[in-house]
Amino acid sequence: VDIPWVVKPEEKLKFDSIFDSLGPVGGILTGDKVKPVLLNSKLPVDILGRVWELSDLDRDGMLDRDEFSVAMYLVYRALEGEPVPMSLPPPLVPPSKR
Amino acid sequence: QYPAGGSSTNPFL
């Protein structure tokens with residue numbers, strides 16, 4: 001599938017720097033490291049739960065760099081008033097996971 | 001830490 005990722009390169013840089021600041025181990029952040037960051041958005045927990053469901057693509061309870069970018073993208077869009085989708089639209093799936 | 005499968009991989013549930 002040849003669709004550009006909706007996470008723009010400049011946004012990815014920003015998300016990557018947040019990711020790195022959280023102290024990933026082996027390129028992966030555990031749920032307990034990501035959770036406070038998402039809670040910090042002040043979005044309702046049920047929304048954040050859905051954001052997690054959509055971004056933890058391999059369902060391992062942890063987020064790698066690309067999964068984290070999906071989570072942050074959804075949080076920022078939600079803060080702008082856009083609804084969080086029930087399932088991940090293809091343009092939001094990181095190219096590395098297709 | 002988390003059981004395989006199931007929604008307990010979600011720290012918000």
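We use all heavy atoms of the structure for the numbers below, so side chains are in, but hydrogens, waters and symmetry mates are not. Residue numbers start from 1 in every chain, and the chains themselves are labelled A, B, ... in the order their sequence lines are given, proteins ahead of strands. Values in this document were obtained by computation on a predicted structure and should not be read as measured data.
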request  = Using the ring pair (Phe, Tyr, Trp, His ring centres under 6.0 Å) rule, collect all pairs that involve residues 78-98 of chain A, keeping only residues at least two apart or in two chains.
outcome  =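 The answer is none; no pair qualifies.
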key: From CZ (B:F12) to CG (A:L39), nearest 0.5 Å   =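 Rounded to the nearest 0.5 Å, the CZ-CG separation comes to 5.0 Å.
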Joint hydrophobic cluster, [X] plus [Y], side-chain heavy atoms closer than 4.5 Å:
X: A:I18; Y: A:V7; value: yes
X: A:L54; Y: A:M62; value: no
X: A:L57; Y: A:I28; value: no

Show me the side-chain donor-acceptor pairs of residues 84-95 of chain A shorter than 3.5 Å, one per line, residues at least two apart or across chains.
none

query = Taking all non-hydrogen atoms of both residues, which atom of B:P11 and which atom of A:G31 are closest, and how far apart?
reply =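 In terms of heavy atoms, the two residues are closest at CG-CA, 4.0 Å.
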inquiry  = Looking at chain B, which one of A:V45, A:V34, A:L38, A:L48 has the largest number of heavy-atom pairs inside 4.5 Å, strictly under?
reply    =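 Most heavy-atom pairs under 4.5 Å with chain B: A:L48.
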ask   = Between A:R59 and B:N10, is any pair of side-chain heavy atoms under 4.5 Å apart?
value =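 In short, these two side chains do not touch, never coming nearer than 4.5 Å.
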ask   = Taking the side chain from A:W52 and the backbone from B:T9, do they hold a donor-acceptor pair closer than 3.5 Å?
value =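 Between the backbone of B:T9 and the side chain of A:W52 there is a qualifying donor-acceptor contact (under 3.5 Å).
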